[in-house]
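Structure first, commentary second.
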Amino acid sequence: MQRWSVVVPAKRLAAAKTRLTPLTSALPGDRPGGHDELVLALLADTVAAAVASCAVQLVLVVTDEPRAVDVVSALGARTVGDEPDSGLNAALTHGARRARTATGGPVAALSSDLPALRPAELTAALDAAAGHRRGFVVDAAGTGTTLLAVTAGDLDPHFGPGSAAVHSATGAVPLDGNWPGLRQDVDTPPDLHAAARIGVGPRTAGFLSATSWPPG
């Protein structure tokens, strides 16, 4: 089995997951930092699953957020600053280059908001990606990307709206598998509902339990 480096981007908390604000702004008044807690919980469960995958030798988180550094370092990930400071894809490109310098092996970019991700799902997806120069996993909505993996050459990420079509057009092969946790990224409250139905990791589950969400 090939061993991969997995690069995970993490924005500064003030700019992260703004479409979840309708949910976190409705939390009880005694949790004023609830939005940041949720963002860090999503990141932590994603990184923990990646670290636990037997196909992964390095998890590298690209971030300038000190609290994110503390969280992921405690889970066994390494961190690097977002030196380009030019958006998501520039951060992933920077992280991929640093990871490849460190390990010399294949590199994958993984979304930071996959709280239902299972290590075995990531292992299976990376095993499938090993047979292609570039491969990607389409998100649950069918238009985005949650994983982009390259065995050779540049990562060339195009994460963002419509990224699945762009990755396909630039030569990446869509990877097929029963990986609900890997596909279910969380950008909106309905996404979080969907992830919770799959079963989220302990940090996100703890947040949801502590905030009694979803209500009723």
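Hydrogens, waters and symmetry mates are skipped; everything else that's a heavy atom, side chains included, is used.
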With sequence neighbours excluded, tell me which residues meet side-chain contact (heavy atoms from CB on, under 4.5 Å) with [X].
| X | result |
| --- | --- |
| A165 | none |
| A52 | P119 |
| A124 | W179 |
| V51 | V47, V59 |

Judged by modelled atom types alone, do S112 and T46 share a side-chain donor-acceptor pair under 3.5 Å? no

Taking the side chain as everything from C-beta on, heavy atoms only, tell me whether [X] gets closer than 4.5 Å to [Y].
| X | Y | value |
| --- | --- | --- |
| L75 | R203 | yes |
| R78 | V61 | no |
| L182 | L114 | yes |

By the salt bridge (Lys or Arg N to Asp or Glu O under 4.0 Å) test, which pairs, at least two apart or in different chains, include something from [range]?
| range | result |
| --- | --- |
| residues 116-127 | none |
| residues 142-169 | none |
| residues 66-77 | D36-R67 |

Could you tell me which non-hydrogen atom of [X] sits nearest to which non-hydrogen atom of [Y], and how far apart they are?
| X | Y | answer |
| --- | --- | --- |
| F136 | L148 | CB-CD1, 4.0 Å |
| V62 | G81 | CG1-O, 4.0 Å |
| L88 | F159 | CD2-CB, 3.5 Å |
| L175 | A129 | CD1-CB, 3.7 Å |

Thinking salt bridges, do D64 and R12 make one under a 4.0 Å N-O criterion? no

Sorted by chain and residue number, the side chain to side chain donor-acceptor pair (under 3.5 Å) partners of S111 (sequence neighbours excluded) come out as none

Residues two or more places apart in sequence or in another chain: which of them pass side chain to side chain donor-acceptor pair (under 3.5 Å) with D185? none

Heavy atoms from other residues, nucleotides or ligands near NZ of K11 exceed 12 (cutoff 6.0 Å): no

Any side chain to side chain donor-acceptor pair (under 3.5 Å) involving residues 89-108? Give me the pairs, sequence neighbours left out, ordered by first then second residue. S5-T103

Hey, could you give me each pair passing side chain to side chain donor-acceptor pair (under 3.5 Å) that has a residue in residues 137-148? Not counting sequence neighbours. T145-S163, T145-H167

List for me each residue that meets salt bridge (charged side-chain N to carboxylate O under 4.0 Å, His left out) alongside R19, sequence neighbours excluded, and say none if there are none. D187

Side chain T211, main chain F207, donor-acceptor under 3.5 Å: yes

